[in-house]
Amino acid sequence: MGPEKKRRLLRAGAVLGALALAGVLLLVFQPPCLVLTATGWYCAGCGGQRMVLSLLQGDVAGAFGQNPYLFFALPLLGAYLLAEGARYVWGKPPLYRRRWVMAALAAVLAAGLVFMVLRNLPGWEFLGPGR
């Protein structure tokens, strides 16, 4: 393994470690949602912390009930970030420069926006985070 590849591997490992630390800190301190506090509306991420805690306890159905959008979006985001990290380490061009990847990311973000609006409309309360 060459020195450039080692540097890339260390950088990717440092980013992965920082993301893991941020996730642990969010789970430990459980800060309140700023959107919910300011507006009274659920954002697309409301219930995400409880969803992750439910998954860590093995309650898949409960996790889905907390936030169905993040239940599917977080694994997709994780797979994308791992693929980008692997491509970076191997010196290949990033995926985000491809049109289909940008279209897929835009579709996931648009789905999150639609989810956020729907979960705040009357009659769609079942999309709100369970308590």
Note, Q30 side chain near L53 side chain (heavy atom, < 4.5 Å): yes
More than 12 heavy atoms of other groups within 6.0 Å of F29 CZ: no
Side chain to side chain, L27 and L56, heavy atoms closer than 4.5 Å: yes
Shared hydrophobic cluster, W90 / M1 (ILVMFWY, side-chain heavy atoms < 4.5 Å): no
Considering all heavy atoms, the nearest L70-G48 contact: CD1-CA, 3.7 Å
Note, F115 side chain near P68 side chain (heavy atom, < 4.5 Å): yes
Side-chain donor or acceptor of N67 paired with backbone N/O of P129 under 3.5 Å: no
Min side-chain heavy-atom separation V108-F72 under 4.5 Å: no
Single-linkage hydrophobic cluster V114~L74, side-chain heavy atoms < 4.5 angstrom: yes
Separation between CD of Q49 and SG of C33, rounded to the nearest 0.5 Å: 9.0 Å
Nearest-0.5 Å distance, CZ of residue R119 to CH2 of residue W41: 12.5 Å
Separation between CG of L118 and CE of M116, rounded to the nearest 0.5 Å: 10.5 Å
Trace of the salt bridge (charged side-chain N to carboxylate O under 4.0 Å, His left out) decision for R87 with E84: CA-CA 5 Å; R87 292 181 69 82; E84 284 287 17; 5.1 Å; no
Side-chain heavy-atom pair L127, Y42 within 4.5 angstrom cut-off: no
G112 versus A44, closest heavy-atom pair with distance: O-CB, 3.7 Å
In one Ile/Leu/Val/Met/Phe/Trp/Tyr side-chain cluster, 4.5 Å: M51, V60: yes
Any R98 side-chain heavy atom under 4.5 Å of V101 side chain: yes
Cluster check L81, W100: I/L/V/M/F/W/Y, side chain < 4.5 angstrom: yes
L21 with L16, same ILVMFWY side-chain cluster at under 4.5 Å: no
V52 and Q66, any side-chain heavy atoms less than 4.5 Å apart: no
P31 side chain reached by L26 side chain, heavy atoms, under 4.5 Å: yes
Side chains of R11 and Y88, donor plus acceptor under 3.5 Å: yes
Backbone of G123 reached by a side-chain donor or acceptor of E125 within 3.5 Å: yes
Smallest separation among heavy atoms of V89 and K5, with atom names: O-CG, 3.8 Å
